[in-house]
Amino acid sequence: MKEELKAKLQPLQEKLKEFEEAKVTCDETAEYIKTQTLNTEKQIKVEFEKLHQFLRDEEAARIAALMEEEEQKSQMMKEQIEKMSREISSLSDSIRAIEEEMGANDIIFLQNYKSTVERAQCTLQDPERVSGALINVAKHLGNLKFRVWEKMQETVQYTPVTLDPNTAHPKLILSEDLTSVRCGDVRQQLPDNPERFDTYGSVLGSEGFNSGTHCWDVEVGENTYWDVGVKAESTQRKGVYGCGVSGEWTVYYKDGKYGAGAAPQPDTLLTVQQKLQRIRVQLDWDRGELSFSNPDNNTHLHTLTHTFTEKVFPFLNGCKVSPLRILPVKASVRVEQHR
């Protein structure tokens, strides 16, 4: 009976060990969550400080423009006031002199009459009202928020894909803005969460697509090996699964050759005239098309077709020589006019 219980005890002990190991993982994950929060909070503050500084600089520039206009127009009014004062003084002197002549005795009055009449002739033009003398308030306040937002485009970048650090292999290092990835020298101590690659140096985009059309450019640089494309949400990320795994649709560079992979179909070798520095990925999920091209000369490379049935994520792999980088696109502010 003891032997029988001993045999039944062994699975329980193994299960206990599994739970203890899982608890250690949970403890490590809980600590890492705190670290992630602190680092993310710090980066949020850094990014908002950049925005705050931009707004402070813009505020200072606009107030400086207002002060400059005030100085110019105040000087203009000062000169106008001085001119008016001189003319008022001249007219007052003439009126006083004429009145004195009129108060003199008749003989003197008659003797000076001709010169007095000439003095009474006013040669001054009528005073002019100064046009445009007031501050152009509309210029400084009109659509102020919109104009600042419009100018902010010069400092703000938009990338159609951002990378998900929770999927990155522990040796991969993502940029602070999550748009590029490079391979580090050592394996980082990161939680072995289900989303993370643990064998291949891969990373996914933070947003998956299950409809619509999407496009992004990847800078591959001088890397001697890389994979760029999309990966299905349900496909394997842990362990060794080789290059023939289904659910990955990519263009790759390996051993000096370019190819396209869509397992389980065999790879397709591609003829490329010049070494690729950038790859444009265009996904039409609804039509089941994934096209690759060279954005530097607008040359089509290959189109993979597949009836997608689940969400797919942008996929990057291979960045040992230089970072793989998602390139920003030009953002614009558009005003819709009423028709």
Side-chain angles (χ1 to χ4, degrees), residues 21-62 144-210 214 216-219 230-231 233 237-238 311-317 319-320 322-333:
E21 291 175 350
K23 183 180 180 299
V24 169
T25 300
C26 287
D27 290 339
E28 292 174 348
T29 301
E31 286 301 313
Y32 187 70
I33 288 172
K34 295 179 182 178
T35 301
Q36 276 188 309
T37 301
L38 290 174
N39 290 339
T40 304
E41 179 186 16
K42 178 182 177 182
Q43 190 58 29
I44 288 173
K45 289 182 177 180
V46 168
E47 294 302 319
F48 268 92
E49 176 54 31
K50 293 177 183 177
L51 294 176
H52 295 158
Q53 188 59 51
F54 170 83
L55 292 175
R56 286 193 292 266
D57 292 344
E58 190 66 17
E59 177 188 10
R62 290 176 180 273
L144 177 60
K145 295 185 183 70
F146 178 83
R147 297 305 175 198
V148 173
W149 178 39
E150 192 176 39
K151 189 173 180 180
M152 194 177 288
Q153 291 178 94
E154 301 171 8
T155 62
V156 174
Q157 286 189 336
Y158 173 77
T159 50
V161 169
T162 55
L163 304 176
D164 184 357
N166 294 335
T167 66
H169 183 277
K171 286 192 72 174
L172 297 184
I173 301 172
L174 273 61
S175 61
E176 290 181 340
D177 62 359
L178 306 180
T179 62
S180 70
V181 56
R182 62 183 177 87
C183 187
D185 297 326
V186 296
R187 191 183 182 97
Q188 303 169 87
Q189 294 298 317
L190 300 174
D192 188 23
N193 50 300
E195 301 86 359
R196 191 181 304 281
F197 292 93
D198 64 355
T199 301
Y200 298 104
S202 306
V203 63
L204 298 180
S206 60
E207 181 183 0
F209 309 121
N210 57 6
H214 310 273
W216 61 95
D217 291 352
V218 181
E219 186 177 71
V230 299
K231 184 178 178 72
E233 185 174 29
R237 302 183 193 182
K238 302 294 186 183
K311 186 178 292 186
V312 297
F313 289 81
F315 172 76
L316 301 179
N317 182 62
C319 51
K320 291 186 176 181
S322 61
L324 295 176
R325 187 164 71 98
I326 308 292
L327 297 176
V329 297
K330 183 175 178 57
S332 63
V333 176

Got a second to check how far [X]'s [atom1] is from [Y]'s [atom2], nearest 0.5 Å?
X: T35; Y: E28; atom1: OG1; atom2: CD; value: 11.5 Å
X: E233; Y: F313; atom1: CD; atom2: CZ; value: 4.5 Å
X: L316; Y: L174; atom1: CG; atom2: CG; value: 9.0 Å
X: M152; Y: E58; atom1: CE; atom2: CD; value: 8.5 Å
X: K42; Y: T37; atom1: NZ; atom2: OG1; value: 14.5 Å
X: L190; Y: T29; atom1: CG; atom2: OG1; value: 10.5 Å

Which heavy atom in [X] sits nearest to a heavy atom in [Y], and how many Å separate them?
X: P160; Y: V329; result: CD-CG1, 4.0 Å
X: V203; Y: A168; result: CG2-CB, 3.8 Å
X: S202; Y: L172; result: O-CD1, 3.3 Å
X: P194; Y: K238; result: O-CE, 3.8 Å
X: K151; Y: F54; result: C-CZ, 4.1 Å

For the pair [X] and [Y], find out whether any cationic side-chain nitrogen is under 4.0 Å from an anionic carboxylate oxygen.
X: E150; Y: R147; result: yes
X: D192; Y: R196; result: no
X: E219; Y: R325; result: yes

Quick one: does [X]'s side chain get under 4.5 Å of [Y]'s, heavy atoms only?
X: I173; Y: V181; value: no
X: T179; Y: P328; value: no
X: I44; Y: E41; value: no
X: V148; Y: R62; value: yes

Kindly say whether [Y] contributes a backbone atom to a donor-acceptor pair with the side chain of [X] at under 3.5 angstrom?
X: R237; Y: E195; result: yes
X: T167; Y: L204; result: yes
X: E207; Y: V161; result: no
X: T162; Y: S206; result: no

Do Q43 and N39 have a side chain donor and acceptor closer than 3.5 Å? no
Verify whether one side chain among N166 and Q36 offers a donor that lies under 3.5 Å from an acceptor in the other. yes
Is it the case that atom CD in Q188 sees more than 12 heavy atoms from other parts of the structure closer than 6.0 Å? yes
Return yes when atom CD of Q189 has more than 12 non-hydrogen atoms of other residues, nucleotides or ligands closer than 6.0 Å, and no otherwise. no
Assign the ring pair F209 / H214 to parallel, tilted or perpendicular, where the plane angle (0 to 90°) is split at 30° and 60°. parallel
Which of parallel (below 30°), tilted (30 to 60°) and perpendicular (above 60°) describes F48 and H52? tilted
Yes or no on salt bridge (charged side-chain N to carboxylate O under 4.0 Å, His left out) for E49 and K45, after CA distance, side-chain angles and deciding distance? CA-CA 6 Å; E49 176 54 31; K45 289 182 177 180; over 6 Å; no
Do T159 and L327 pass the side chain to side chain contact (heavy atoms under 4.5 Å, CB included) test, and can you show the C-alpha distance, the side-chain angles, and the key distance before you say yes or no? CA-CA 6 Å; T159 50; L327 297 176; over 6 Å; no
